[in-house]
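Okay, structure first, notes after.
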Amino acid sequence: LDAVMHLGGNERQIETASRAAALKTSFDGWTLAAATIRDRLPAFETARRLVDMGASGQKAALDDVRVNRRLLEEPDPVPPLRQAAAAELRQRLNAAADAYVAAFAEANARLDADTHWHRLSPEAKLELRNELGLREVPRPDVATPEDIADALAQRSLAAWSDLARALPAKVQDALAEAAAQFAPKARPVTLPSPGLIEDEAGVDRWLERVRSALHTALAQGPVLPRL
């Protein structure tokens, strides 16, 4: 094509006519290549998103496809890369969701074991759950690579971990709110941190500190212990 384009006038027309068959073949090849790239690009983009979101095991393979321009190779190198990246993140996302579900079940158990919480009306409980973020978050959809990428765009792996870690403090706040309605004079008391406990003697020392803190606080009325 460059050999034709630098010519002018009749020379270009003559050269174009002489190369018509070759140009048509090239044009058909370019058209096919463009269509192939267009068809494969969405899968490549999904793979790129998954790698950016944490599928680090596939980063080298993705870089190889991009740097060496392998998108037109046969067989298509992208589908196995996309599936491997999805499998890596599906496992990690399911594990993060499982940890959150377990933490939420434990949070509910703490609420259900509290007498003040039991005395709240269903409406009051729902209001506190909404206010404190104690409504259960649905599990992410991990059926397809695109579903996984969309789920992680909405809530990252780190965000799932943060959800689980935040639940104990939220439960403590909910219990404090419930106690305040039925025992308004109760005061929150922060118990001593256990720190590192290495043996039974360490347990006994910490329990003695807890007992002492509660004994002192109870002298002034009902308390709501916090760790």
Side-chain angles (χ1 to χ4, degrees), residues 1-6 12 16 19-108 129-170:
L1 185 60
D2 289 340
V4 173
M5 295 305 296
H6 85 278
R12 176 181 291 185
T16 299
R19 295 173 178 259
L23 287 173
K24 183 180 185 305
T25 300
S26 296
F27 180 79
D28 290 344
W30 299 329
T31 302
L32 178 61
T36 301
I37 290 174
R38 184 172 61 249
D39 291 342
R40 294 180 177 183
L41 204 54
F44 178 84
E45 179 61 19
T46 298
R48 185 196 62 76
R49 290 178 68 196
L50 293 171
V51 167
D52 288 347
M53 289 170 169
S56 56
Q58 308 309 314
K59 185 178 186 306
L62 182 74
D63 288 344
D64 180 57
V65 171
R66 183 179 64 249
V67 172
N68 294 307
R69 301 183 178 183
R70 297 179 55 213
L71 204 57
L72 291 174
E73 282 188 9
E74 296 294 347
D76 184 355
V78 174
L81 191 160
R82 170 175 162 270
Q83 291 298 334
E88 180 179 342
L89 287 185
R90 181 182 290 111
Q91 181 179 12
R92 294 173 62 189
L93 187 51
N94 276 332
D98 288 343
Y100 167 76
V101 168
F104 193 84
E106 183 177 345
N108 275 337
R129 283 185 180 275
N130 288 333
E131 177 185 337
L132 298 173
L134 278 170
R135 298 289 298 275
E136 187 169 11
V137 175
R139 289 189 69 95
D141 186 354
V142 296
T144 69
E146 289 72 24
D147 290 334
I148 295 170
D150 290 343
L152 287 170
Q154 181 179 3
R155 182 171 287 109
S156 68
L157 291 170
W160 277 102
S161 297
D162 291 342
L163 279 178
R165 282 197 297 267
L167 285 172
K170 292 181 177 182

*Answer yes or no: is there a side-chain heavy-atom contact under 4.5 Å between Glu88 and Ser56?*
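With C-beta onward as the side chain, the pair touches.
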Can you give me the closest heavy-atom contact between [X] and [Y], atom names plus distance?
X      : Y      : value
Leu50  : Pro145 : CD2-O, 3.9 Å
Glu136 : Tyr100 : CA-OH, 3.5 Å
Leu132 : Lys170 : O-CD, 3.1 Å
Trp160 : Pro140 : CZ2-CD, 3.5 Å
Ala153 : Arg49  : CB-NH2, 3.9 Å
Asn94  : Val142 : OD1-CG2, 3.8 Å

_Glu45 CD: over 12 foreign heavy atoms closer than 6.0 Å_ =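 It does: Glu45 CD has more than 12 such atoms within range.
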*Between Arg155 and Leu163, is there a donor-acceptor pair closer than 3.5 Å when you use the side chain of the first and the backbone of the second?*
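No, because the side chain of Arg155 does not come within donor-acceptor range (under 3.5 Å) of the backbone of Leu163.
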_Holding to side chain to side chain donor-acceptor pair (under 3.5 Å), I want the full list of residues that pass it with Thr144, two or more places apart in sequence or in another chain._
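So Thr144 forms a side chain to side chain donor-acceptor pair (under 3.5 Å) with Asp147.
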*Only counting residues at least two apart or in another chain, list the ones meeting side chain to side chain donor-acceptor pair (under 3.5 Å) with Asp162.*
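Expected list: Arg165.
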*Evaluate the criterion side-chain contact (heavy atoms from CB on, under 4.5 Å) for residue pair Leu167 and Leu134; output intermediate values, then yes/no.*
CA-CA 7 Å; Leu167 285 172; Leu134 278 170; 3.8 Å; yes
*When rounded to the nearest 0.5 angstrom, what distance separates OG1 in Thr46 from CG in Asp150?*
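The CG atom of Asp150 is 8.5 Å from OG1 of Thr46, to the nearest 0.5 Å.
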*side chain to side chain contact (heavy atoms under 4.5 Å, CB included) partner of Met53, the single match among Leu157, Leu152, Leu93, Ile148*: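 Looking at Leu157, Leu152, Leu93, Ile148, the match for Met53 under the side chain to side chain contact (heavy atoms under 4.5 Å, CB included) is Leu152.
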*Does Glu146 come within less than 4.0 Å of Arg82, counting only side-chain N to carboxylate O?*
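Between Arg82 and Glu146 there is a salt bridge, with a charged N closer than 4.0 Å to a carboxylate O.
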